[in-house]
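To start, the structure under review is shown below, and the notes come after it.
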Amino acid sequence: MPLDTKIEDRPWLDSSIEPFIKIQNVTKKFGAFTAVDRIDLNVYQGELFSLLGGSGCGKTTLLRMLAGFEEVTSGHIFIDGQDMAGIPPYERPVNMMFQSYALFPHMTVEKNVAYGLKRDGVPKLEIASRVTEILDMVELGQFASRKPHQLSGGQRQRVALARALVKKPKLLLLDEPLGALDKRLREQTQFELMDLQEQLGITFMVVTHDQEEAMTLSTRIAVMDQGDIIQIGTPTEIYEYPESRFTAGFIGNVNMFEGRVTNNSADHVTVQGTDGTEFYIDHGQNVKEGQKVWVAVRPEKLVINKDAVAAGPNQLLGTVDDIGYMGNHSIYRVKLASGRIVQTTAQNIVRPKDAEWAVDWDDKVTLTWEPSATVLLTK
Amino acid sequence: MSKNSKFVTTLMCIGFTFLYIPMVLLVIYSFNDSRFVTVWGGFSTKWYGELLNNQLVIDSAILSLQIAFVTACAAVVLGTMAGIALVRFGKFKGRTLFSGMISAPLVMPEVITGLSLLMLFIALENALGIPERGFWTITIAHITFSMAFVAVIIQARLAGMDESLEEAAMDLGGKPLRVLFDITLPLIAPGMISGWLLAFTMSLDDLVIASFTAGPGANTLPMYIFSKVKTGLRPDINALATLIILTVAIGVFIAGWLMLRQDKQRKVDEQMAAMETTKDEQAA
Amino acid sequence: MSDNAISNESSIQERSTLSWLDDKLQQSWKFLLLLIPYAWLLIFFLAPFILVLKVSMAEPAYARPPYTPLWEWAEDGYLTITLIFENFSYLWEDELYYETYLNSVVIAFNSTIMCLLIGYPIAYGIVRSSTSVRNILLLLIILPFWTSFLLRVYAWMGILGQGGELNDILIFLGILDEPHQFLYTQFAVYVGIVYSYLPFMILPLYASLEKLDMTLNEAAADLGAKPITTFLTVTLPLSIPGIVAGSMLVFIPATGEYVIPDLLGGGNVAMIGRQLFNEFGANKDWPVASAVAIALLILLVVPMMIYQHYQAKETEAA
């Protein structure tokens with residue numbers, strides 16, 4: 001991998017470290033339906049790991065198997081070296097923050113948070129001090145005697161978090177932790193969650209369908225589809241180095257071109273698109289000449305040129321069909337001669353004079369990009 | 001997914017046995033040849049024949065069915081009106097009294113309802129000469145308590161219904177009364193049907209209130225049965241019970257089967273729709 | 001030309017009459033919709049109660065109806081009102097009434113507890129069954145509702161009698177040596193009430209248990225609660241509305257029950273509903289019967305209001 005960071009921040013690269021959670025060849029079937037299909041996954045101590053995928057991809061089932069609500073049909077789950085087979089949820093060193101929060105409606109905030117400690121037989125005085133401590137940590141100290149229905153959505157979310165964290169679990173499972181919050185609150189809470197995780201050092205496993213949320217929060221992400229893990233990697237790896245069209249398309253926007261390999265060298269590959277466009281990829285890849293491949297280019301990697309550009313590879317000619325002004329940046333939809341629409345974005349670095357932008361509707365433009373920004377996909 | 005422990009399952013089995021053993025025994029002994037109900041004397045259907053030749057039974061059954069039919073129809077109309085008023089009219093003068101009068105009959109002991117209505121009928125009879133006690137007094141009494149049950153069913157259904165449906169209809173130009181007939185009533189129709197059936201069976205089943213409000217001439221089926229079984233067991237009553245249980249069981253199971261089929265169909269439809277959605281997404 | 005104008009005018013007038021009618025209807029239908037059931041209940045529900053209250057304070061008389069009027073216009077134009085509370089003090093002083101009331105309440109209370117103990121596991125089991133099984137079980141609970149209450153009580157006359165199945169089983173098991181008369185005892189009344197009112201307990205319990213969010217149970221398990229602890233700390237407290245509603249639906253009608261004590265208790269079990277019926281039917285003492293009814297009503301007002309309160313809360317929540 002071309003990214004170099006300190007190895008202690010990336011335990012998955014160090015083969016001498018024992019994974020904290022080992023999921024080995026786990027399958028879960030509901031009748032004839034296979035929700036999770038022979039999954040292998042290792043998660044390391046202190047990670048904030050995300051399972052990302054659309055609805056029905058098996059991410060929640062996987063989480064529920066870790067919590068013990070669902071039995072595995074086959075395979076094994078180890079948490080901190082302990083095989084979880086046959087261990088009921090109430091004996092697992094794992095706590096969960098539910099998507100609906102599942103706060104007990106007949107108990108106060110304080111009682112909700114103390115519930116798990118009481119079940120463990122923690123002495124009363126210790127319960128009181130630990131509850132106070134965690135409520136202060138999530139800034140809910142003054143709401144201790146309220147009932148859940150007297151709290152706002154964000155406050156409920158923090159009670160649910162406090163209730164799960166107060167037991168100091170080895171692993172905290174979070175099912176769509178920010179799903180019920182509005183956008184502004186969600187952004188703020190994301191960072192709070194990360195701070196809290198860093199502070200406590202507890203391993204977090206998050207289920208989410210929101211790619212932005214997964215990108216911001218996670219040390220690593222597993223992209224899931226139809227019961228399978230499609231790719232595991234850091235947010236950067238997943239975004240910049242997708243291994244398949246599914247991952248490239250699922251995370252962020254992408255312009256995808258179909259073509260065939262025309263030249264395959266050690267240090268570069270060239271591809272001719274079905275519409276004749278020449279693509280140049282500046283690194284070697286395991287492909288054969290004449291093989292059908294796909295080329296993916298992220299919109300923000302494309303540069304819009306109004307003036308003529310010397311002919312070469314990685315160029316697309318077209319007219320501006322539509323402009324979406326987003327304030328900080330604009331989205332341009334450029335129509336190629338083939339009729340295809342290509343999307344590109346540009347930061348609005350300068351303030352336009354007389355509200356006239358340099359690129360306007362129906363302008364003839366040439367789109368170019370760096371050879372390094374070209375992603376070659378074989379599946 | 002059944003998540004019941006053996007303990008709960010065992011208790012459930014005992015409970016259901018308790019509920020159904022008496023009815024099963026009633027049915028078995030209706031085919032008993034012996035005149036003594038609890039001594040088995042061989043298989044026979046003679047009690048059914050005797051029952052069907054008994055003009056008193058036939059007459060009282062017809063009277064009961066007539067009362068139940070009129071009761072059910074009137075109770076649905078009045079109960080639906082009351083239910084709509086309670087859910088959709090917001091606050092109005094005398095609402096507390098109204099909702100109190102609607103829900104009180106649900107829990108009122110029958111002897112009190114029966115006694116008080118009789119007092120009224122007699123007072124009216126003395127003052128106005130009407131009504132003569134019989135068919136109509138029983139029917140009025142039955143309407144009064146069963147309309148409350150209908151109102152509660154309608155209330156529950158309306159409360160669970162999205163008010164914006166009615167608002168949408170008004171937004172599209174429907175006048176309030178038009179909206180009531182075009183939107184509200186069709187949507188609460190299932191509630192009205194179950195309300196009708198409930199009122200019908202409750203009227204058919206009532207003994208105490210009918211005993212109070214019936215005149216000397218009128219004799220409903222429960223009143224006839226009661227007068228017979230007070231003195232002991234009667235095999236022809238077992239035969240009658242069997243006929244009633246059979247009718248109800250067949251009716252309930254047909255209804256249940258229809259519901260189940262509808263449920264399945266809806267699930268299939270939902271799955272199809274979900275598949276369409278994925279197709280749409282893929283196309284996009 | 002002028003003909004045409006006239007006919008035009010009349011048709012306009014016709015249309016405006018129609019629209020006037022329509023307008024009136026649009027304005028008044030709400031009023032009518034409320035008025036009809038309201039009037040019905042005032043006449044046939046509220047008025048009778050006032051009448052009973054009135055009669056309960058009158059004196060019995062050999063007349064038709066057999067009680068004295070409460071007020072009379074004296075010859076000098078003064079209105080005299082005679083209120084007799086004797087009927088009530090009679091109830092209080094007569095040991096028979098006092099004990100009958102007490103007995104009714106005790107029997108109804110114990111029956112309610114028994115219904116709760118039998119009904120709760122059933123309702124709980126139904127809620128936790130798979131959807132298809134659940135529908136069938138619910139149908140089986142509702143089915144007795146639609147069959148004759150009277151005939152289901154009658155069935156127990158056979159079972160509990162001296163030659164009945166209960167004796168057969170107990171003798172077969174060697175618990176009894178010779179047949180015992182279970183019919184016409186307090187025991188028989190208990191069996192009858194619990195049997196008849198069990199569905200009234202199960203259905204509200206089912207409704208409140210079914211509404212419970214199953215993730216709450218999962219959350220409790222996740223936080224370390226064993227199934228029994230989860231039940232006691234989460235499920236049970238959250239099903240209290242169902243417990244209260246079910247208990248009231250059993251307790252209130254059971255207190256005033258007439259058929260069951262009459263058929264299964266014979267003359268041996270004194271209950272107030274039966275007493276009222278007899279007072280009215282056999283003794284023809286209307287004022288005392290009315291006083292009995294009012295006293296019964298006073299007894300049940302608190303449970304009725306509890307039921308109303310929970311019912312109102314439920315509709316609010318929905």
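A quick note: this is a predicted structure, and the numbers were derived from the prediction, not measured. Each chain gets a letter, A, B and so on, in the order its sequence line appears, and its residues count up from 1.
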Can you find a side-chain donor-acceptor pair between C:S56 and C:S290 that sits under 3.5 Å? no

Short side-chain donor-acceptor distance under 3.5 Å, C:Q275 and C:Y258: no

In terms of heavy-atom proximity below 4.5 Å to chain C, should [X] be classed as side chain, backbone, both, or neither?
X: B:F121; value: side chain
X: B:F212; value: side chain
X: B:I84; value: side chain
X: B:S116; value: both
X: B:L207; value: side chain
X: B:S211; value: side chain

[X] side chain to [Y] main-chain N or O, any donor-acceptor pair under 3.5 Å?
X: C:R274; Y: C:V259; value: no
X: C:N167; Y: C:P179; value: no
X: C:T255; Y: C:S104; value: no

Considering only heavy atoms, give the residues of residues 144-152 of chain B separated from chain C by less than 4.5 Å, sorted numerically, with 'none' for an empty result. B:T144, B:M147

What part of [X] gets within 4.5 angstrom of chain B, counting heavy atoms only: side chain, backbone, both, or neither?
X: C:L42; value: both
X: C:Y307; value: side chain
X: C:I252; value: both
X: C:L198; value: side chain
X: C:I272; value: neither
X: C:W40; value: side chain

Looking only at heavy atoms and a cut-off of under 4.5 Å, which of [options] has the most pairs with chain C?
options: B:L115, B:L11, B:V8, B:I244; result: B:L115
options: B:A82, B:G100, B:A85, B:S99; result: B:A82
options: B:L25, B:L204, B:T113; result: B:L25
options: B:A141, B:P109, B:G114; result: B:P109
options: B:T247, B:L198, B:I143; result: B:I143

Measure the shortest side-chain to side-chain distance between [X] and [Y] over non-hydrogen atoms and say whether it is less than 4.5 angstrom.
X: C:L209; Y: C:Y120; result: yes
X: C:I260; Y: C:S196; result: yes
X: B:R95; Y: B:L86; result: yes
X: C:E257; Y: C:Y197; result: yes

More than 12 non-hydrogen atoms from neighbouring residues, nucleotides or ligands closer than 6.0 Å to NZ on B:K230, yes or no? yes

I'd like a table of donor-acceptor pairs (distance under 3.5 Å, sequence neighbours excluded) in which one partner is a side-chain atom from residues 12-24 of chain B, with atom names and distances.
{"from": "B:T17", "atom 1": "OG1", "to": "B:C13", "atom 2": "O", "distance (Å)": "2.5"}
{"from": "B:Y20", "atom 1": "OH", "to": "C:L140", "atom 2": "O", "distance (Å)": "2.4"}

Chain B shares the most heavy-atom pairs under 4.5 Å, among C:A123, C:A293, C:S148, with C:S148

Quick one: which of C:V52, C:L151, C:I126 has the most heavy-atom pairs under 4.5 Å with chain B, could you say? C:L151

Start with the C-alpha gap between C:F231 and C:Y124, add the side-chain angles, then the distance that decides, and say whether ring pair (Phe, Tyr, Trp, His ring centres under 6.0 Å) holds. CA-CA 10 Å; C:F231 175 77; C:Y124 186 79; 5.5 Å; yes

Determine all donor-acceptor pairs shorter than 3.5 Å in which one atom belongs to a side chain in residues 294-305 of chain C; sequence neighbours excluded.
none

Show me the donor-acceptor pairs, under 3.5 Å and distance only, between side chains in residues 221-229 of chain B and residues at least two apart or in other chains.
{"from": "B:Y224", "atom 1": "OH", "to": "B:N54", "atom 2": "ND2", "distance (Å)": "2.8"}
{"from": "B:S227", "atom 1": "OG", "to": "B:Y224", "atom 2": "O", "distance (Å)": "2.7"}

